[in-house]
**Student:** 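There's a structure below that I have some questions on.
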Amino acid sequence: MLVIPVISSKGGVGKTTVAANLSTALAERGFQVLAIDLDPQNALRFHLANDPGACEEGLLAAASGQLPWAQAMRPAHGGVVLLPFGTVDDERQIGFEHDLARHPGWLGDTLARFALPQDTVVIIDTPPGPTVYLQQALRAAHLCVVAVLADAGSFATLPIVERMVDKYCRPRADYRGSAYVINQVDPGQRLNHDVFAMLRARLQPELLGVLHLDASVSEALASALPVRRYAPLSKAAEDIAVCADRLLARLVTHPPAHAPPQRQETTQ
Ligand SMILES: Nc1ncnc2c1ncn2[C@@H]1O[C@H](COP(=O)(O)OP(=O)(O)OP(=O)(O)O)[C@@H](O)[C@H]1O
Ligand SMILES: [Mg+2]
């Protein structure tokens, strides 16, 4: 089992988009994929679930014993299994966050209890920035996909998640490194182009790929479909396929190390 959280310092940079579309791309490539929404926004369902309306109960209800885990899992596009966060009120959410803070290894322990088949990839959508959800996901992670926009704000805030990855992931021998996806790349915009060049230079050893700014992405979301299903010939669908193939290549060429890796992976 491989646990891959999709993380970012800033909000709205495409984590949920990347988590959903990587999930279906990996399922298409023959993996069992469990996509977990570890974000109280409960938005992963709109990209992935066969029936987003049937995702009102999910992880939080199962974690508190109100719903069997098997019933919390929902069928999703491409054969992916989705564990939605569930729609919850503020008090239940805050109570859950206190529980997570008290049990830092809760997610890893829970996944271990699922006894998932060996070829399962667990993709985890997370809220932006440093949260208890991110701490949980990083403690269980074998590889992190980091979403970043080609803008000055993303560039400036990158160290926020990088510090957390350094703290919770890199010291572990089973951590295979980070994989950056630069999102909403638009070569036609001068500033975007310049920041993209800076980001690419800074992230190069761990850069997974890019996702171009493409109206198909937001249209696919409006249609509650993965991009490849909504617009299979779009630039975005091609970008996601490239990222998925490179991710698989990374996993083959970078098995868990005995010594903690220090950002020295080559992906390009
Ligand atoms: N490459 C793209 N081209 C066009 N629109 C995009 C692209 N990537 C993301 N979007 C749009 O940007 C918005 C934010 O994306 P998304 O919800 O995936 O970000 P997020 O990082 O998960 O946000 P949050 O931090 O709130 O969880 C969505 O409306 C999505 O459709
Ligand atoms: Mg999101």
Side-chain angles (χ1 to χ4, degrees), residues 4-25 35-49 52 55 58-59 76-77 80 82-88 93 97 123-134 136-138 144-151 153-155 157-158 160-161 164 178-189 192-193 195-196 199-200 207-244:
I4 305 182
V6 182
I7 68 174
S8 75
S9 299
K10 258 167 62 77
V13 302
K15 288 177 301 302
T16 306
T17 301
V18 169
N21 288 285
L22 266 186
S23 294
T24 49
I36 299 182
D37 194 345
L38 197 61
D39 181 346
Q41 291 185 77
N42 198 28
L44 190 56
R45 59 181 170 152
F46 296 119
H47 299 252
L48 263 186
C55 299
L59 179 142
H77 293 293
V80 171
L82 170 65
L83 177 57
F85 187 87
T87 305
V88 295
Q93 181 185 325
E97 289 169 4
I123 302 278
I124 304 177
D125 188 23
T126 62
T131 61
V132 281
Y133 302 106
L134 182 60
Q136 291 278 341
L138 294 182
C144 289
V145 171
V146 188
V148 56
L149 293 186
D151 69 11
S154 276
F155 192 87
T157 53
L158 258 180
I160 297 173
V161 286
M164 290 186 71
S178 302
Y180 289 83
V181 176
I182 307 179
N183 188 19
Q184 300 200 16
V185 170
D186 181 1
Q189 284 181 36
N192 183 294
H193 181 266
V195 178
F196 172 67
L199 272 173
R200 195 175 49 183
L207 182 60
L208 186 68
V210 303
L211 181 52
H212 286 86
L213 182 69
D214 184 338
S216 312
V217 174
S218 31
E219 289 168 13
L221 173 58
S223 306
L225 287 173
V227 173
R228 182 156 152 70
R229 174 78 71 86
Y230 175 80
L233 301 179
S234 62
K235 185 70 188 152
E238 184 189 326
D239 291 340
I240 290 156
V242 169
C243 287

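Remember, it's a predicted structure, so these values are computed and weren't measured experimentally. For the numbers below, each heavy atom of this structure counts, side chains included, while hydrogens, waters and symmetry mates do not. Whatever order the structure lists ligands and atoms in, that order sets their numbers, starting from 1.
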**Student:** Check Ala76 against Leu82 and note the closest heavy-atom contact, atom names and distance.
**Tutor:** CB-CB, 4.0 Å
**Student:** Quick check: does Thr17 have an N/O/S atom under 2.8 Å of the Mg ion (ligand 2)?
**Tutor:** no
**Student:** Return the minimal non-hydrogen interatomic distance between Cys55 and Asn42, and the atom names on each side.
**Tutor:** O-ND2, 3.1 Å
**Student:** Kindly say whether His212 contributes a backbone atom to a donor-acceptor pair with the side chain of Asp239 at under 3.5 angstrom?
**Tutor:** yes
**Student:** Which protein residues have a heavy atom under 4.0 Å from ligand 1?
**Tutor:** Gly11, Gly12, Val13, Gly14, Lys15, Thr16, Thr17, Asp39, Gln41, Pro128, Asn183, Gln184, Leu211, His212, Leu213, Asp214, Val217, Ser218, Leu221
**Student:** Has Thr157 got a side-chain atom pairing as donor or acceptor with Ser9's backbone, closer than 3.5 angstrom?
**Tutor:** no
**Student:** Within the side chain of Thr126, is there an N or O that forms a donor-acceptor pair under 3.5 Å with the backbone of Val6?
**Tutor:** yes
**Student:** Would a distance-only check, ignoring hydrogens and angles, find a side-chain to backbone donor-acceptor pair under 3.5 Å from Asp39 to Phe85?
**Tutor:** no
